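First comes the structure, then the notes that go with it.
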Amino acid sequence: MSVRVRFAPSPTGFLHIGGLRTALYNYLFARHNSGTFVLRIEDTDQARYVEGAEEDIIKSLEWAGMTIDEGPNKPADFGPYRQSERKPMYAEYAKQLVDGGHAYYAFDTTEEIEEMRERLKASGNPSPSYDSITRQSMKNSLTLPQDEVDKKLANGDEYVVRLKIPRRETVKFEDLVRGVVSFETAGLDDQVLMKSDGMPTYHLANVVDDHTMGITHVIRGEEWLSSAPKHMLLYKAFGWEPPTMAHLPLIMSPTGGKLSKRKAETEGIPVNTKDYISGNYEPEALVNFLSYLGWSPGDDSEIHSLEELCELFTLDRVSKGGAVFNHKKLMWYNEHYIRETSVADLLPRVKKLAEAAGFETKGEEYLTTVVELLHERVSKIDEFISMGSFFFETPKEYDESALKKWKDDSSGLVKAYQSKINVLSDTEFIASALKSALEATVEENEVGFGKVMMPVRIATTGQGFGPDLFASLELLGKEEVLSRIDIALDQLN
RNA sequence: GCCGCGUUCGUCUAGGGGUCUAGGACGCCGCCCUUUCACGGCGGUAGCACGGGUUCAAAUCCCGUACGCGGUACCA
C-alpha cells in the first residue's frame, strides 16, 4: 500500500511555525516513501473560522517549497478537501455508530451538564466528566425510553452524538515516535462526535476523513496524543484498520511551555510563517532549521536542502522531548544560505528590496558590486539595504558608537586625505590608488592606519564598520566621496 | 487533582550495556587572519535530573522521586 499522509490545519488563523513543522515532517515522510502529501482543511468550528486563513496556509507551504499533491487547491479522487464540504458524510457515519451501539444521542443542555459537573465537584470529584458512569443519570438515548428519544429526534430537539466509551478497557497502540502507549478507558469521557449545529467535532471528522481519504500515517503534534485513544476506539467501532500513529514533540518557547503566539511575540520570535516571508528569511534556512527541531539524521551534518531532507528523513529518528526554538541558530542557517546563494540570484531580490525602500539602485553594475561587497557580512537579505544604505544615499546621520572614534585630530587627517584624492582623475579613482593615498597620509602625519581610515569611513558611510573601504569609495565615485567628506567635516566640527 | 508523554552541554542533538576521559552544531570566550565590522581558520567553556536496583560493567535496562510539557470543551 502506498503511503498517504495529510497535513490537516484548521483555518483559525495564520499558519504558525509549529504547524509549518508538522507539515514539513509529513511532507518529508511522504516524499521519502514516494507517497502522497494531502492538505485537508479542518474547518468544523464555524465560530473560529478566519477569512483568508486557507490561502495563507497554501501560500506558506508553497513558499517553504512543499508541493501539495492533493488539497482544496488541487482536487483529486478523495475530495472534497474541506471538512465543511464533507458535512453530510459525518452525519451518516455518526448514525452508523449509533445504530451499532457505539454512540448515542444526548439531549442535555449545557446548563444541565454544568449542573452535573457542579454537583459532582461538590461531592468531591475534582474533574467530573460525561462518561460511562455519569451518562446513566443524564438525558440520552441510553437512559430515555425509545419512544421519547424518537419523539425528540422527530421534533427537531437539539442533540449531540456522543461516543460510548467502554467502561473498563485498555487502549494500546504503537506510536512510531514513542513506542507503545496505553490508556485506560476509565479516564476517557464520552466525547461529543456531532455538535448540535450538525457539524462533527475534530475527533469524528478526523477519523472518518483519514479513513475515507486512505491516510496511512497520521503525523501530528503531541497535543493530540491524549485524544488518540478515542480515535483508536472510533476506528474499532467502525471496524476500520487504524492508520499508523506518530506524535511529534512540541516546539517550545525559550522561557518554557508550548511556543504560543503570545509567548513568541514577547520573546521577539516571529510565530507566523507569513512573518518569515515578510521578514525576508530564506525559506531554505527555515526549512533546514525546522527539520532539525526534533529530528536529526544521526550524523554530524547540519546543512541539507529540502530534497536531501526528503532523502534522509525517517520517523524513527524523531526525538521525543520538546524542542526549544533557538532564533540564533535560525539566523546562522539564514546566513549560511545567503552565502550559498550567488550574487546573480541575490541581485533581483536586493533590487526589489532597495526599490521598496525608496532607493535609486543606480544600474545593475553598481548594484552587483554592492551585493559583492556585502555578501559575506549580511545574515538576512534585507541587510543589504540596511547595512548598505550608504551606497544609495548620503548618510543622514553618523552612527553614535562610531563617533567615539572621531577624535580631535580626525578632521585634519580627513582633510589631508581629501586633498590627496582630490587630485586623482575619475579614472584614477580606484581602490588601489585610494589605499595608497591613505597610506601616504598615514606616513606624512606619522599616525596609525586606523587613525585616518576610521574617520574617513565614518565621514563617507556614516558607520564604524562595513565592507572594504577603498572598494566602497571607488564604487561611490570621486564626486560623491568628496562631497560626503565636505558634509561630514561641516557637521562633525 | 487526574490521565498521558518526556528529561544528555545555555539551546538543538549523537549515543541504545564495555569503543564515553560522552561526539557534533548554535551561542559564548580566546587566538590567528585583517584597514573597521564581518567571513574564514584554530582552540576553549559547558551536559548524562536525582535515588535505588539489575550487571563483572549503566548515559544506555528496571523501579521510584523530582521537574517539565501536553490533555482534561458541543476548540482544533
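Convention: sequence-line order gives letters A, B, ...; per-chain numbering from 1. Remember, it's a predicted structure, so these values are computed and weren't measured experimentally.
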Check whether any side-chain nitrogen or oxygen of A/Lys195 sits under 4.0 Å from OP1 or OP2 of B/A76, and answer yes or no.
yes
Give the rounded distance in Å between these two atoms: NZ of A/Lys320 and P of B/C48.
21 Å
Determine the contact category for A/Tyr292: base if any of its heavy atoms lies under 4.0 Å from a base atom, sugar-phosphate if only primed atoms, P, OP1 or OP2 are that close, otherwise nothing.
sugar-phosphate
Within the structure shown, what part of the strands sits under 4.0 Å from A/Gly322 by heavy-atom distance: base, sugar-phosphate, or nothing?
sugar-phosphate
Side chain to side chain donor-acceptor pair (under 3.5 Å) with A/Tyr130: which of A/Asp190, A/Asp189, A/Asp108?
A/Asp108
B/A76, OP1 or OP2 - any side-chain N/O from A/Thr12 closer than 4.0 Å?
no
What is the distance, to the nearest angstrom, from the CD atom on A/Glu335 to the C1' atom on B/G27?
12 Å
With a 4.0 Å cut-off on heavy atoms, is A/Ser182 in touch with a base, just the backbone sugar-phosphate, or nothing at all?
sugar-phosphate
Any strand is fair game: report the nucleotide pairing with B/G68 by Watson-Crick or G-U wobble, both distances under 3.5 Å, or none.
B/C5
Short side-chain N/O contact from A/Arg377 to OP1 or OP2 of B/U36, under 4.0 Å:
no
At under 4.0 Å, does any side-chain N or O of A/Ser319 touch on OP1 or OP2 of B/U13?
yes
Can you tell me how the ring of A/His231 sits relative to the ring of A/Tyr202, calling it parallel under 30°, perpendicular over 60° and tilted otherwise?
tilted
For B/C75, the Watson-Crick or wobble partner whose two distances fall under 3.5 Å
none
So for A/Ser196 and B/C74, does any side-chain atom that can act as donor or acceptor lie under 3.5 Å from a complementary atom in the base?
yes
More than 12 non-hydrogen atoms from neighbouring residues, nucleotides or ligands closer than 6.0 Å to NZ on A/Lys236, yes or no?
no
Taking the chi torsion of B/C39, is it syn (within 90° of 0) or anti (everything else)?
syn
Given that both distances must come in under 3.5 Å, which nucleotide forms a Watson-Crick or G-U wobble pair with B/G16?
none
So does A/Arg162 get a side-chain nitrogen or oxygen closer than 4.0 Å to the phosphate oxygens (OP1/OP2) of B/C74?
yes
For B/A76, does OP1 or OP2 lie under 4.0 Å from any side-chain N or O of A/Thr44?
yes
With A/Tyr281 via ring-ring contact (aromatic ring centres under 6.0 Å, His included) - residues at least two apart:
A/Tyr276
Taking atom P of B/G15 as reference, at what distance in whole Å does atom CG of A/Asp300 sit?
11 Å
What is the pairing partner of B/C61, taking Watson-Crick or G-U wobble pairs with both distances under 3.5 Å in any strand?
B/G53
What is the distance, rounded to the nearest whole Å, between atom CG of A/Asp316 and atom P of B/G16?
14 Å
Selection from B/G4, B/G70, B/U36 that lies nearest to any side-chain heavy atom of A/Glu223:
B/G70
Pairing nucleotide - B/U11, Watson-Crick or G-U, each distance under 3.5 Å:
B/A25
From CG of A/Asn326 across to P of B/C9 the rounded distance in Å is 14 Å
To the nearest angstrom, the CG-C1' distance between A/Asn288 and B/G24 comes to 15 Å
In terms of relative ring orientation, are A/Tyr292 and A/Trp295 parallel, tilted or perpendicular, with 30° and 60° separating the classes?
perpendicular
Should the pair A/Phe384 and A/His375 be assigned to parallel (<30°), tilted (30 to 60°) or perpendicular (>60°) ring geometry?
tilted
Can you tell me the Watson-Crick or wobble partner of B/G40, both distances under 3.5 angstrom?
B/C32
Look at the side chain of A/Ser226 and the base of B/G70, then say whether one donor and one acceptor between them are separated by less than 3.5 Å.
yes
Whole-Å distance separating the CG atom of A/Leu374 from the P atom of B/C37:
16 Å
Residues of residues 242-257 of chain A with a heavy atom under 4.0 Å from any atom of RNA chain B, listed by number, are A/Leu250, A/Met252, A/Gly257
Would you indicate what A/Arg178 reaches in the nucleic acid, counting non-hydrogen atoms under 4.0 angstrom: base, sugar-phosphate, or nothing?
sugar-phosphate
Look at the aromatic rings of A/Phe325 and A/Phe289 and report parallel, tilted or perpendicular, splitting at 30° and 60°.
perpendicular
Base, sugar-phosphate or nothing for A/Val160? Non-hydrogen atoms, less than 4.0 Å.
base
Mind checking if A/Glu302 touches a base, just sugar-phosphate, or nothing, with heavy atoms under 4.0 Å?
base
Looking only at side chains, do A/Thr201 and A/Gln191 share a donor and an acceptor under 3.5 Å apart?
no
Polar side-chain atom of A/Ser319 near backbone of A/Gly294 as donor-acceptor pair, under 3.5 Å:
yes
May I ask you to say what A/Phe470 touches in the nucleic acid, namely base, sugar-phosphate or nothing, with a heavy-atom cut-off under 4.0 Å?
base
May I have the distance from A/Asp189 (atom CG) to B/U72 (atom P), rounded to whole angstrom?
9 Å
